[in-house]
Amino acid sequence: MDPRLGDFSSASSIEVLSALLNNGEEEEDEALSSSSVINPGDIGPLRPEKNGSTPLQKDKNSKEIWDVLEVPDGSEFDDSLDPREQPDYEMFFKQRVGSEDLFLGMSRKDPSTACCEELAVKIHLPNTKTSDVSLDIRRKFLDLRTPKYKLGLHLPHPVNEKTAKAKFKVDTETLEVTLTMVRDFDFVNFS
């Protein structure tokens, strides 16, 4: 141990260190003493007492109960009391590669998901007819409902809901949904 650092095992040493870290600000509450217990919440400057006010001030003229930022994407589809079972599904990424990518390495594409353009979801729906399938695709949520199955799937990346494609394969009883991903820095990977 470096002798210049000293010994920080005593409560008084911890209080001195705390005062140094507080940049000389005076504590409003001197209730902490060397014999009191120090918790992680006691580190740093003291917070003002809560006086019953909420941190987010609501507009008094608004009749909305929830703020838009408080509600997560896809929560309008969540229904925990629905007795329908969740079907088996697989999610995987697709990328378009050509011979110049594969053999010559002329583009910046690599096998990572950062270079993928599409997200594909295969949903296994045994004993289901095509006419019974209801599919709703949002920017970050996929909602599938049939009389027997219900799937609410939060997507790992935002997608373009207008370019989505779905195909139902009757022989395997599988719905294949292909979604084009929308990411802020796609121009870096695909230029």
Side-chain angles (χ1 to χ4, degrees), residues 40 53-191:
S53 65
T54 58
L56 296 174
Q57 297 296 328
K58 305 264 186 200
D59 183 16
K60 297 196 188 262
N61 297 330
S62 176
K63 294 182 181 180
E64 295 178 359
I65 297 172
W66 300 101
D67 187 9
V68 176
L69 300 174
E70 295 175 331
V71 181
D73 290 338
S75 62
E76 65 268 16
F77 298 108
D78 291 341
D79 187 10
S80 59
L81 301 176
D82 195 340
R84 293 180 282 185
E85 63 182 281
Q86 178 176 325
D88 293 332
Y89 67 92
E90 299 173 74
M91 187 182 313
F92 51 94
F93 294 91
K94 287 183 174 181
Q95 70 175 231
R96 294 181 207 106
V97 292
S99 58
E100 68 275 0
D101 299 319
L102 192 59
F103 297 112
L104 302 175
M106 294 177 68
S107 69
R108 293 184 232 161
K109 288 188 178 181
D110 60 24
S112 70
T113 59
C115 294
C116 294
E117 294 97 359
E118 295 178 335
L119 175 67
V121 182
K122 284 186 179 181
I123 307 165
H124 305 287
L125 301 166
N127 304 323
T128 303
K129 295 186 281 186
T130 308
S131 59
D132 292 338
V133 176
S134 170
L135 181 65
D136 186 19
I137 298 171
R138 302 290 171 102
R139 186 165 172 81
K140 288 205 54 136
F141 193 78
L142 180 141
D143 181 42
L144 174 114
R145 295 174 189 240
T146 69
K148 188 176 178 183
Y149 300 104
K150 176 188 166 229
L151 177 65
L153 188 60
H154 292 273
L155 302 172
H157 297 284
V159 297
N160 185 351
E161 59 267 10
K162 297 191 186 319
T163 61
K165 298 174 193 161
K167 184 186 338 178
F168 190 77
K169 294 190 174 183
V170 179
D171 56 336
T172 59
E173 297 178 322
T174 303
L175 178 68
E176 294 181 1
V177 183
T178 305
L179 308 163
T180 305
M181 292 189 294
V182 177
R183 292 182 284 200
D184 294 335
F185 297 109
D186 278 349
F187 66 89
V188 172
N189 292 322
F190 306 126
S191 59

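By convention here, the first residue in the shown sequence is residue 1. All figures in this text were calculated on a predicted structure; none of them were measured in a lab.
Nearest heavy-atom pair, C116 versus K94, reported as atom, atom and distance to 0.1 Å: CB-O, 3.3 Å. Residue K150 comes nearest to P87 through the heavy atom pair O-CD, 3.6 Å, listed as atom of the first residue, atom of the second, then distance. Between V182 and V159, the shortest heavy-atom contact is CG2-C, 3.8 Å. Summarising the geometry of G152 relative to F141, their closest heavy-atom pair is CA-CZ, 3.5 Å, with the distance given to 0.1 Å.
If you take NZ on K148 and CG on D132, they are separated by 11.5 Å, rounding to the nearest 0.5 Å. To the nearest 0.5 angstrom, L175 atom CG is 13.0 Å from Y149 atom OH. Atom NE2 of H157 sits about 12.0 Å away from atom CG of L179, to the nearest 0.5 Å. The distance from the OG1 atom of T146 to the CG atom of L135 is 11.5 Å, given to the nearest 0.5 Å. Between Y89 atom OH and L153 atom CG the span is 4.5 Å, to the nearest 0.5 Å. Going from atom CG of L142 over to atom NE2 of H154 covers 11.0 Å, rounded to the nearest 0.5 Å.
Applying the salt bridge (charged side-chain N to carboxylate O under 4.0 Å, His left out) criterion to R139, with sequence neighbours excluded, gives no partner residue.
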Quiz: residues 160-170 side-chain donor-acceptor pairs under 3.5 angstrom, not counting sequence neighbours:
from: N160; atom 1: OD1; to: K162; atom 2: N; distance (Å): 3.1
from: T163; atom 1: OG1; to: N160; atom 2: O; distance (Å): 3.3
from: T163; atom 1: OG1; to: T180; atom 2: OG1; distance (Å): 3.3
from: K169; atom 1: NZ; to: E176; atom 2: OE2; distance (Å): 3.3

List the atom pairs, donor and acceptor, that lie under 3.5 Å between side-chain atoms in residues 118-129 and the rest of the protein, sequence neighbours left out.
from: E118; atom 1: OE2; to: R96; atom 2: NH2; distance (Å): 3.0
from: H124; atom 1: ND1; to: T174; atom 2: OG1; distance (Å): 3.4
from: H124; atom 1: NE2; to: E90; atom 2: OE2; distance (Å): 3.2
from: T128; atom 1: OG1; to: L125; atom 2: O; distance (Å): 3.3
from: T128; atom 1: OG1; to: P126; atom 2: O; distance (Å): 3.2

